[in-house]
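Ligands are counted one by one from 1 in listed order, and the atoms in each one are counted from 1 as well. Just so you know, residue 1 is the first one in the sequence shown, and it goes up from there.
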Amino acid sequence: MYKILSREDLAPNIHQFEIEAPSIARKAQPGQFIIIMVDEKGERIPLTIADWNRENGSIFLVFNVVGQTTNKLAAVQVGESIMSLSGPMGLPAEIDKFGTVVTVTSGYSVVTIVPVVQALKEMGNRVISIMRAPTMDSVFGQEHLGAMSDELIVTIGDNSCNGEPNFVTEPLEKLLKAEQIDRVITVGPVCVMKLVASVTRPHEVKTIASLNPIMVDGTGMCGCCRVSVGGKTMFACVDGPEFDAHEVDWPSLMARRCTYASNERGWSQYRCLDCAQW
Ligand SMILES: Cc1cc2nc3c(=O)[nH]c(=O)nc-3n(C[C@H](O)[C@H](O)[C@H](O)COP(=O)(O)OP(=O)(O)OC[C@H]3O[C@@H](n4cnc5c(N)ncnc54)[C@H](O)[C@@H]3O)c2cc1C
Ligand code: FES
């Protein structure tokens with residue numbers, strides 16, 4: 001059992017938990033995730049390790065309440081425990097001296113990108129962070145991300161794939177035209193990452209997306225998280241979650257994420273962000 005040490009409500013439907021998990025805290029690296037089961041009948045869902053405290057033996061998770069399991073998790077209070085946490089899983093984020101790196105995040109990933117930004121800064125990179133929130137009252141995490149970054153651009157706007165994409169692509173496009181950008185890293189809803197890839201492709205700037213397909217075991221055995229990258233089948237849980245965004249087959253990722261949409265419909269808080277079908 002894994003005890004909740006503290007919790008903070010960051011914005012409507014966005015919560016941060018600190019959880020006692022010494023063996024995970026000891027090994028966690030930027031970009032890795034855990035698989036959580038809230039109770040013995042719960043489903044397994046992946047959440048990124050947003051931060052860790054090796055001395056206290058705790059890890060931090062930030063999650064968006066979108067369906068059944070995240071609703072259940074949001075109901076767990078400080079002092080109570082969740083049944084299972086497996087991890088750290090996935091390959092750590094690729095950290096090197098790239099030069100100027102732009103990160104583009106939306107939702108929970110505004111917080112989960114922070115360890116990656118910190119590691120990039122420690123390697124001597126200049127980091128410009130573009131973050132996006134759907135509305136003014138859902139802006140969170142900007143102080144922490146801003147403190148780690150050389151520059152922070154906050155954008156507010158609708159997230160629909162069918163909507164106006166300017167909320168993150170416009171500042172990104174401006175940066176790409178104004179100066180040498182050596183790498184772009186994007187984490188967030190699939191439609192945001194796909195748009196980012198389409199903006200950077202003509203500029204031939206290496207772009208990394210942290211993919212979020214449905215995962216079950218997280219060990220490369222069940223095949224649930226398979227994605228097509230550069231025409232090859234990869235498993236996001238063991239080969240990723242980071243992949244070259246220009247090589248990802250985005251339509252198939254979007255379609256696979258909706259596999260259980262009709263089963264989950266009763267729990268869903270809002271329409272699917274990726275295909276707008278719910
Ligand atoms: C590597 C990785 C890291 C992630 N990190 C975070 C994080 O730090 N914070 C956060 O809020 N979310 C994160 N997610 C997404 C999170 O796993 C889903 O939002 C969660 O599974 C939804 O479960 P649900 O039962 O509440 O909602 P559901 O109603 O089941 O689903 C809502 C949406 O989540 C997707 N989803 C459902 N089950 C899974 C699953 N087992 N694996 C992946 N996606 C699923 C569905 O395609 C759908 O779009 C991450 C996903 C991956 C793959
Ligand atoms: S989650 Fe089962 S193979 Fe990746």
Atom 2 (Fe) of ligand 2 to nearest N/O/S of Cys237 below 2.8 Å: no
Atoms in ligand 1 with a heavy atom of Phe33 nearer than 4.0 Å: 1 (C)
Ligand-side contact atoms (ligand 2) for residue partner Val216, heavy atom cut-off under 4.0 Å: 1 (S)
Numbered atoms of ligand 2 (with element) below 4.0 Å of Met221, judged on heavy atoms: 3 (S)
Residue, atom name and distance, where the atom is the protein heavy atom closest to atom 3 (S) of ligand 2: Gly223 N, 3.2 Å
Polar contact flag, side-chain donor to acceptor under 3.5 angstrom, Ser129-Ser149: yes
Interfacing atoms of ligand 2 (cut-off 4.0 Å, heavy-atom, Cys225): 1 (S), 3 (S), 4 (Fe)
Atom indices of ligand 1 within 4.0 angstrom of Arg44 heavy atoms, with elements: 41 (N)
Tyr108 and ligand 1 - part of the residue with a heavy-atom distance under 4.0 Å: side chain
Pair Lys206 + Asp182: basic N to acidic O under 4.0 Å: no
Gly220 neighbourhood, listing ligand 2 atoms whose heavy-atom distance to it stays under 4.0 Å: 3 (S)
Whether Glu173 side chain and Glu170 backbone form a donor-acceptor pair below 3.5 Å: no
Pair Ser210-Glu242, side-chain donor/acceptor within less than 3.5 Å: no
Geometric N/O contact Leu211 with ligand 1, under 3.5 angstrom: no
Lys121 vs Asp150, side chain to side chain contact (heavy atoms under 4.5 Å, CB included): CA-CA, chis, key distance, verdict: CA-CA 9 Å; Lys121 287 295 301 168; Asp150 293 280; 2.8 Å; yes
Polar contact flag, side-chain donor to acceptor under 3.5 angstrom, Ser58-Asn56: no
Donor-acceptor under 3.5 Å (Glu179 side chain, Lys177 main chain): no
Under 3.5 Å: N/O of Leu47 near N/O of ligand 1: no
Check ion pair Asp96-Arg183 (N to O, under 4.0 angstrom): no
Aromatic ring pairing Phe17/Phe63, orientation class (parallel under 30°, perpendicular over 60°, tilted between): perpendicular
Interfacing atoms of ligand 1 (cut-off 4.0 Å, heavy-atom, Met215): 1 (C), 40 (C), 41 (N), 42 (N), 43 (C), 53 (C)
Derivation and outcome, salt bridge (charged side-chain N to carboxylate O under 4.0 Å, His left out), residues Arg201 and Glu247: CA-CA 10 Å; Arg201 189 177 286 108; Glu247 300 278 325; over 6 Å; no
Numbered atoms and elements of ligand 1 in range of Glu43, under 4.0 angstrom, heavy atoms: 25 (O), 30 (O)
Proximal candidate to atom 9 (N) of ligand 1 [heavy atom criterion; set Ile35, Val62, Thr48, Val187]: Val62
Carboxylate-amine/guanidinium proximity below 4.0 Å for Arg44 and Asp217: no
Side chain, backbone, both or neither: the part of Arg226 lying under 4.0 Å from ligand 2 by heavy atom: neither
For Phe63, the ligand 1 atoms whose distance to one of its heavy atoms is below 4.0 Å: 9 (N), 10 (C), 11 (O)
Short N/O/S contact of Cys224 with atom 4 (Fe) of ligand 2 (below 2.8 Å): no
Which of the ligand 1 atoms, numbered from 1, are nearer than 4.0 Å to a heavy atom of Asn212: 51 (C), 52 (C), 53 (C)
Smallest separation among heavy atoms of Gln29 and Pro92, with atom names: CB-CB, 3.7 Å
Atom indices of ligand 1 within 4.0 angstrom of Thr112 heavy atoms, with elements: 8 (O)
Part of Val216 within contact of ligand 1 (heavy atoms, under 4.0 Å): neither
N/O separation below 3.5 Å, Asn71 to ligand 1: no
Cys222 neighbourhood, listing ligand 2 atoms whose heavy-atom distance to it stays under 4.0 Å: 1 (S), 2 (Fe), 3 (S)
Asp217: its N/O/S atom lying closest to atom 2 (Fe) of ligand 2 (atom name): OD1
Atom indices of ligand 2, in the order listed, that fall short of 4.0 Å to a heavy atom of Gly218: 1 (S), 2 (Fe)
Sub-4.0 Å atoms of ligand 1 with respect to non-hydrogen atoms of Val66: 19 (O), 22 (C), 26 (O), 27 (O), 32 (C)
Distance-only polar pair, side chains of Glu204 and His246, donor-acceptor under 3.5 Å: no
Neighbour count above 12 (heavy atom, 6.0 Å) for Glu55 CD: no
Joint cluster assignment, Phe235 & Met89, ILVMFWY side-chain distance < 4.5 Å: no
